[in-house]
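The structure appears below as structure tokens.
For clarity, every value in this text was computed on a predicted model and none was experimentally measured.
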Amino acid sequence: MTASTRVRHLLAGAAATGLLAGTGALGTAGAAEAAPAQPPVPAAASAVATHHHDRCTWQQGHWQKHWVKGHWAKQWQKGHYSDQKVWHPGHYDRHGHWQPGHWTHHVQWHKGHWTQVYVPGHWDTHWVKGHWSCHR
């Protein structure tokens with residue numbers, strides 16, 4: 001019934017603007033225009049029909065767990081000092097004296113850099129803000 005009402009209103013509008021030609025089409029549109037219109041809907045009833053919070057519930061903000069698949073991620077490797085100890089074996093010097101072996105320390109700074117690391121799948125949590133839930 002609503003489809004036929006829509007068609008009648010469309011034909012009436014087209015006839016009123018002069019888009020349809022011919023007396024038969026105008027006569028049909030005139031008959032459709034003379035049909036009684038729908039009764040107006042009170043304002044209070046329309047406000048209740050558009051108000052959707054009566055079937056919705058408020059969900060508080062909460063932490064939610066979800067599974068994160070394994071993936072590659074960039075990770076910063078911080079800089080560090082390394083102490084390379086080197087053994088120098090004993091030897092005779094140019095005067096023929098024995099020089100015993102000894103250790104020397106070569107302290108070296110290795111600067112930080114980015115590297116790709118594989119992070120296996122794991123559970124993670126994220127914050128869900130409070131919202132209206134209308135899924136019923």
Side-chain angles (χ1 to χ4, degrees):
M1 178 169 160
T2 55
S4 62
T5 306
R6 288 182 188 157
V7 170
R8 284 188 295 176
H9 285 281
L10 179 67
L11 287 174
T17 57
L19 294 177
L20 293 177
T23 57
L26 289 175
T28 308
E33 199 171 15
Q38 298 280 336
V41 178
S46 65
V48 172
T50 59
H51 185 63
H52 66 277
H53 291 300
D54 55 344
R55 67 174 189 266
C56 300
T57 57
W58 176 253
Q59 299 292 321
Q60 293 283 69
H62 59 278
W63 288 99
Q64 185 174 9
K65 279 178 39 172
H66 69 281
W67 180 253
V68 178
K69 295 190 302 184
H71 59 279
W72 289 93
K74 284 175 70 172
Q75 185 178 27
W76 178 253
Q77 299 289 343
K78 65 180 186 174
H80 63 278
Y81 284 103
S82 66
D83 185 13
Q84 295 179 336
K85 297 189 331 183
V86 179
W87 173 252
H88 297 280
H91 64 280
Y92 287 101
D93 64 7
R94 62 185 173 174
H95 303 291
H97 300 283
W98 175 249
Q99 299 294 327
H102 62 280
W103 288 100
T104 57
H105 299 277
H106 298 283
V107 179
Q108 186 177 9
W109 172 253
H110 297 279
K111 66 180 187 176
H113 61 279
W114 288 100
T115 183
Q116 291 283 340
V117 295
Y118 184 76
V119 180
H122 59 279
W123 286 99
D124 197 9
T125 56
H126 69 278
W127 179 252
V128 178
K129 292 193 286 188
H131 60 280
W132 285 101
S133 177
C134 301
H135 303 291
R136 286 190 176 191

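- For Q108, the side-chain hydrogen bond (donor to acceptor under 3.5 Å, both in side chains) criterion is met by no residue, not counting sequence neighbours.
- Remark: K85 pairs with D83, W103, H105 by the side chain to side chain contact (heavy atoms under 4.5 Å, CB included) rule, at least two apart or across chains.
- Pairs engaging residues 61-78 under the side chain to side chain donor-acceptor pair (under 3.5 Å) rule: H66-H126 [sequence neighbours left out].
- Legend: residues meeting side-chain hydrogen bond (donor to acceptor under 3.5 Å, both in side chains) with S82, ordered by chain and number and at least two apart, are H110.
- For Y81, the OH atom sits in a loose shell: 12 or fewer heavy atoms of surrounding residues, nucleotides or ligands are nearer than 6.0 Å.
- Applying the side chain to side chain donor-acceptor pair (under 3.5 Å) definition to pairs two or more places apart or across chains, those involving residues 87-102 are H88-T104, D93-Q99.
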